[in-house]
Q: 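Questions regarding the structure given below will be posed in turn.
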Amino acid sequence: MSFVLDGFEPDHPTTSSFGGSSEVDERLLAGLNPQQREAVLYRGRALLIVAGAGSGKTSVLTRRIAGLLDTREAWPSQILAITFTNKAAAEMRERIHGLVGDAAQGMWISTFHSACVRILRRQAEAFGLSPSFTIYDSADSRALIKRILKELEADTLGLTVSSVAGRISKLKNELTDAESFARGANVDDPKESAFLEVFRRYSEGLARAKAFDFDDLIAQTVYLFRAFPEVAALYQRRFRYVLVDEYQDTNHAQYALIRELVRAVKPQNVPADTRTRLEADGSIAPASLTVVGDSDQSIYAFRGADIRNIVEFERDFPEAKTILLEQNYRSTQNILDAANAVIGNNFDRTAKNLFTTIGAGDKITGYTGYSAHDEAQFVADEIDKLRTAGTSLNDMAVFVRTNSQTRPLEEIFIRSALPYRIPGGTKFFERAEIKDAMAYLIQVVNPADDLALRRVLNVPRRGIGPATEATLQAHADREGMPLRDALRDVEQLGLGPKVTGAIRTLVDLLDEASGQALTAAPADIFALLMERTGYVTGLRATRDAQDEARAENLEELLAQTKEFRKQNPEGTLIEFLTNVALLAAADEIDDTDGSVSIMTLHTAKGLEYDTVFLTGIEEGLLPHQMSAGEPGGVQEERRLFYVGVTRAKRRLFFSLAMQRSQFGDTTVALPSRYLQEVPAELIEWRQSPGFANSRGGSQPRALNARRDSGDRFSYGTSLPPAPNREKREWANAVTAKVRDNGDLTLATGDRIRHADFGEGRVTGVTGQGPKSIAEVLFDTAGRKKLLIKIAPIEKL
DNA sequence: CTATCACTACTTTTT
DNA sequence: GTAGTGATAG
């Protein structure tokens, strides 16, 4: 068997092994502190950079790579850098390019998942795998599991889709496949054996569909390397410098992958014509490994991240050097003091104290709203004030613990005419019509993917109902063929002439598109499919406004396929699909579009903003209810809080609500324990939890039942204003509905009445059509900007 | 085969 | 409060 690595240059000469590196240009070291400098310059087998939040680790990492290139210690193709998001990868590439120019071409800088897809696609054919395998996202995995549970009627045993999906994911992250699980499984337990059966069928289902789920991408690469040392050797020889960012969030499979990559190459796997320097025994020395991380920012235990990977790095690599970066270049001292104080309550950590020379800065501003809407209104008002004062919306971010918290924020932001974005939350690719269109594309690339075909069988409606589908499926099962092949045999199945014709048309179209899958531009294939299925025109024909929106979304998808081709002139459909599948929430952030970002704390990791709003700081939300039962849960939530706080450069806001509705009913919320861990003098409460209660009164209320013991929310200097009457009235009167005023027009001087703010006078109108915004001076509520189309207003 | 209505489980975080 | 499911009628 021979393995061809397209694009791989043969083994490069290695001018020096891991020797001295005194030649690194001073230019690359400019402005670094002694520890950062050492981290850039150190040469050796293994390096751990413990990088506190905001300690300039990206700078260190990029300069370290630039140094390797600049001194010719490494060719670009010998470098593999793993980042957490595609966006981070792109930024790192750009920064290195800025330092060393075109020498930056040819490096692998990508996420674990992207790197593994690349490896798997290159090696697939040698193992009888399809190089055009598709990637199942969580929703696809769940759909498959759901089907299996139904088949087995396993739901009676208490197996739910989410429990099974979670468990399989965990097992895969531990590199346990169905068969190795079977060896240790307790088959006497009916639930256990049912789970095993589901796991087996799930794995078979993926294999039959030529699909990998997210976890497979990593695990299968590890299996590949372990089963075929000569394949692993290709990459071990190629990547002489492996660098991993956010190492504290690697799981076992990712850890194993790294271990495989930095193994020495055995003499039998060294080609005779290698130009790489050999050891005395004819082997090639292991690659150099650099990992960067901060155990205080480990927030992905739920998906298998193992903090021990970083904590025990020195045990794994006894010769490892550890460098600690503690100086923070991002935040003010007040922000750091708050962060340090809170994280100090995690007992099993190695002490680390962030410091800065920036100065104390502003105090943290605290606000307790009566409801989530009130809280959101506070955030919107503050953002508007800061914007007026000259801070760009791009420099502000609102953090939430759970996705559902974005809703009230969105409602208020829309009403306040504040442009916002929810990276990862828009879920463009999760909309039904987009998933339909994607299913067409997937089925074109990968005809084995039954799940994709089943999804579009009757979309748009073509009269193929459940009964017809069952007939087709039965034929496929009988013949042991994919559903797509069964469609081609439709004439033999004795279905009605109408249905038969519809199926023939569909399968001919798919076959035609598949014929072009490897060559045509993704946009052309997409256009062909939409044209011939009439999906978009069908949506346009209905008078439903939602269908019109769906048609627009499909147009947007078409635009995206075109944009993709612009970025990647040779890009094929399969690459487009891969990109989409591996898109991370943070990849969607555009920091130049003039909007505020609302995101989860998890998405916020690795980012920084001038101004940060940390919202929903309540017991049950942060720490989340669900974490209470898990070992280490409360500590992990504390790290999440810490991550949120340390994102802020200059201004930090803490907010919470006194009542929050979930599940349809409203419950009283208590301030988070983490709030009490922040020294009281660091927070200036605009409205403190101690002085507001859910009815808007001003009686002190119990704070975690510790009201009288030195009440940490009473503070001498900055007494909170007692909640004033107007505020209270509008705070709870906010309705959840977004309304539509049609084409109501307003002009300067008009008087209006607003459902929440009362009466006011229009002082200016900007923007066009449905986006026009009125600036209104309210008699009691002050100046507000309102989106005329949807604000709850009437002209007087 | 499709449309409508009632019912229930659901919200942790993500590649 | 709602998305997704399942039963029933058209």
Side-chain angles (χ1 to χ4, degrees), chain A residues 82-89 110-117 135-143 146 150 155 160-162 165-166 169 172-173 212-219 246 249-251 253-254 298-305 399-408 423-425 427 429-432 457-458 460-470 495-496 498-499 502 578-587 599-605 616 620-630 633 636-637 639-641 643-644 660-666 736-737:
Chain A
I82 302 287
T83 57
F84 208 66
T85 63
N86 299 301
K87 185 164 177 266
S110 71
T111 62
F112 270 109
H113 290 87
S114 303
C116 286
V117 169
I135 300 167
Y136 273 16
D137 66 17
S138 322
D140 300 328
S141 297
R142 295 172 68 96
K146 195 169 179 181
K150 215 174 226 167
D155 47 338
T160 63
V161 174
S162 56
S169 174
K172 287 188 176 185
N173 284 329
F212 288 131
D213 65 20
F214 284 134
D215 304 315
D216 281 337
L217 296 176
I218 316 286
E246 307 286 6
D249 282 323
T250 49
N251 60 35
Q254 292 166 333
S298 165
I299 54 173
Y300 280 102
F302 71 91
R303 69 172 198 211
F399 297 161
V400 294
R401 172 72 240 277
T402 66
N403 286 305
S404 58
Q405 284 170 260
T406 59
R407 236 173 152 179
K427 307 278 182 204
F429 287 99
E430 285 174 26
R431 292 165 195 271
L457 214 45
N458 201 27
R461 301 258 140 81
R462 47 172 78 87
I464 307 175
T468 311
E469 183 190 321
L495 292 161
K498 225 170 153 184
V499 173
T578 303
N579 273 5
V580 170
L582 298 183
L583 208 62
D587 295 338
M599 67 185 84
T600 66
L601 286 164
H602 286 88
T603 304
K605 191 176 76 153
L621 211 48
L622 187 64
H624 197 276
Q625 198 64 54
M626 290 296 181
S627 70
E630 280 149 40
E636 169 135 331
E637 297 282 307
R639 290 194 289 270
L640 210 40
F641 183 85
V643 165
R660 198 165 287 272
S661 35
Q662 49 180 350
F663 271 128
D665 52 22
T666 308
K737 281 272 171 293

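Bear in mind the structure is a predicted one, so any value in this text is a computation, not a measurement.
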Q: What's the closest nucleotide to the side chain of His113(A) if the choices are dT15(B), dT12(B), dT14(B)?
A: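 Nearest nucleotide to the side chain: dT15(B).
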
Q: Once you round it to whole Å, what is the distance between P of dT12(B) and CZ of Phe399(A)?
A: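 Value for this atom pair: 22 Å.
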
Q: Measuring to OP1 and OP2 of dT15(B), would you say a side-chain N or O of Lys87(A) lies under 4.0 angstrom away?
A: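 Looking at the OP1 and OP2 atoms of dT15(B), neither is under 4.0 Å from any side-chain N or O of Lys87(A).
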
Q: Counting the atoms with a prime plus P, OP1 and OP2 as sugar-phosphate, which does Phe112(A) contact under 4.0 Å by heavy atoms, base, sugar-phosphate, or nothing?
A: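 No contact.
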
Q: Considering only side-chain heavy atoms of His602(A), which listed nucleotide, dT13(B), dT2(B), dT15(B), is closest?
A: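 Of all the options, the side chain of His602(A) is nearest to dT13(B).
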
Q: Rounding to a whole Å, what distance do you find between Leu457(A):CG and dC1(B):P?
A: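 So the CG-P distance, Leu457(A) to dC1(B), works out to 11 Å.
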
Q: Determine the contact category for Ser404(A): base if any of its heavy atoms lies under 4.0 Å from a base atom, sugar-phosphate if only primed atoms, P, OP1 or OP2 are that close, otherwise nothing.
A: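 Base contact.
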
Q: Over how many whole Å does the gap from Ile299(A) atom CD1 to dT12(B) atom P extend?
A: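 Going from Ile299(A) (CD1) to dT12(B) (P), I get 17 Å.
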
Q: First locate atom CZ of Phe112(A), then atom OG1 of Thr250(A), and finally report the distance between them rounded to the nearest 0.5 Å.
A: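 If I round to the nearest 0.5 Å, the distance is 6.0 Å.
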
Q: Mind calculating the distance between CZ (Arg407(A)) and P (dG1(C)) to the nearest angstrom?
A: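 Nearest whole value for this atom pair: 10 Å.
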
Q: Determine the contact category for Thr468(A): base if any of its heavy atoms lies under 4.0 Å from a base atom, sugar-phosphate if only primed atoms, P, OP1 or OP2 are that close, otherwise nothing.
A: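 Touches sugar-phosphate only.
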
Q: Grab the NE2-P distance between His624(A) and dT14(B) for me, whole Å please.
A: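 Result: 12 Å.
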
Q: If you round to the nearest 0.5 Å, how far is OG1 of Thr402(A) from CD of Gln662(A)?
A: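 Answer for the CD-OG1 pair, Gln662(A) versus Thr402(A), is 8.5 Å.
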
Q: As an exercise, state the distance from CD of Glu637(A) to CZ of Arg639(A), rounded to the nearest 0.5 Å.
A: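 Between Glu637(A) CD and Arg639(A) CZ, I get 9.5 Å after rounding to 0.5 Å.
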
Q: Base, sugar-phosphate alone, or nothing: which one does Glu630(A) contact when heavy atoms must sit under 4.0 Å apart?
A: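 Result for Glu630(A) = base.
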
Q: Which is true for Thr603(A) with a 4.0 Å heavy-atom rule: it touches a base, it touches only sugar-phosphate, or it touches nothing?
A: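 It contacts sugar-phosphate atoms only.
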
Q: Let me know the distance between CG of Asn86(A) and C1' of dT14(B), rounded to the nearest Å.
A: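 Nearest whole value for this atom pair: 13 Å.
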
Q: I want to check one thing: is the phosphate of dT14(B), taken as OP1 and OP2, less than 4.0 Å away from some side-chain N or O of Asn403(A)?
A: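 Checking Asn403(A) against dT14(B): at least one side-chain N or O falls below 4.0 Å of OP1 or OP2.
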
Q: Would you give the length of the straight line joining atom CD of Gln405(A) to atom CG of Leu621(A), rounded to the nearest 0.5 angstrom?
A: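 It is 4.0 Å, given to the nearest 0.5 Å.
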
Q: Say we look at dT13(B) and dG4(C): how far apart would their C1' atoms be, to the nearest angstrom?
A: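 Pairwise C1' distance, dT13(B) against dG4(C), rounds to 23 Å.
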
Q: What's the CG-C1' distance between Leu622(A) and dT11(B), to the nearest Å?
A: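 After rounding, the reported distance stands at 15 Å.
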
Q: Please state how far atom CZ in Phe429(A) lies from atom P in dT15(B), giving the value in whole angstrom units.
A: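 Those two atoms, CZ and P, are 14 Å apart.
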
Q: Which distance, rounded to the nearest 0.5 Å, do you find between the OG1 of Thr111(A) and the CD of Glu246(A)?
A: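 Taking OG1 in Thr111(A) and CD in Glu246(A), the distance rounds to 13.0 Å.
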
Q: Think Thr600(A) has a side-chain N or O under 4.0 angstrom from the OP1 or OP2 of dT14(B)?
A: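 True: Thr600(A) side-chain N/O within range (under 4.0 Å) of dT14(B) OP1/OP2.
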
Q: Evaluate whether atom CD of Gln625(A) has more than 12 neighbouring non-hydrogen atoms of other residues, nucleotides or ligands under 6.0 angstrom away.
A: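 No, not enclosed.
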
Q: Are Phe302(A) and the base of dT13(B) stacked, counting only ring centres nearer than 5.5 Å and planes tilted under 30°?
A: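 Base of dT13(B): stacked against Phe302(A).
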
Q: Under 4.0 Å, counting only non-hydrogen atoms across every strand here, what does Ala467(A) touch: a base, just sugar-phosphate, or nothing?
A: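 Sugar-phosphate, backbone atoms only, no base.
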
Q: From dT15(B), dT12(B), dA3(B), pick the nucleotide closest to the side chain of Arg461(A)?
A: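 From the listed options, dA3(B) comes nearest.
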
Q: Need to verify one output field. Residue with the more 5' nearest nucleotide on DNA chain B, Phe84(A) or Glu469(A)?
A: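 On the 5' side of the pair lies Glu469(A).
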
Q: Applying a 4.0 Å non-hydrogen cut-off, can you work out what Asn458(A) is touching in the nucleic acid: base, sugar-phosphate, or nothing?
A: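 Counting heavy atoms under 4.0 Å across all strands, the contact made by Asn458(A) is with sugar-phosphate only.
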
Q: What's Lys605(A) touching, base or sugar-phosphate or nothing? Going by heavy atoms closer than 4.0 Å.
A: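 The answer is nothing, as Lys605(A) stays clear of every strand by at least 4.0 Å.
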
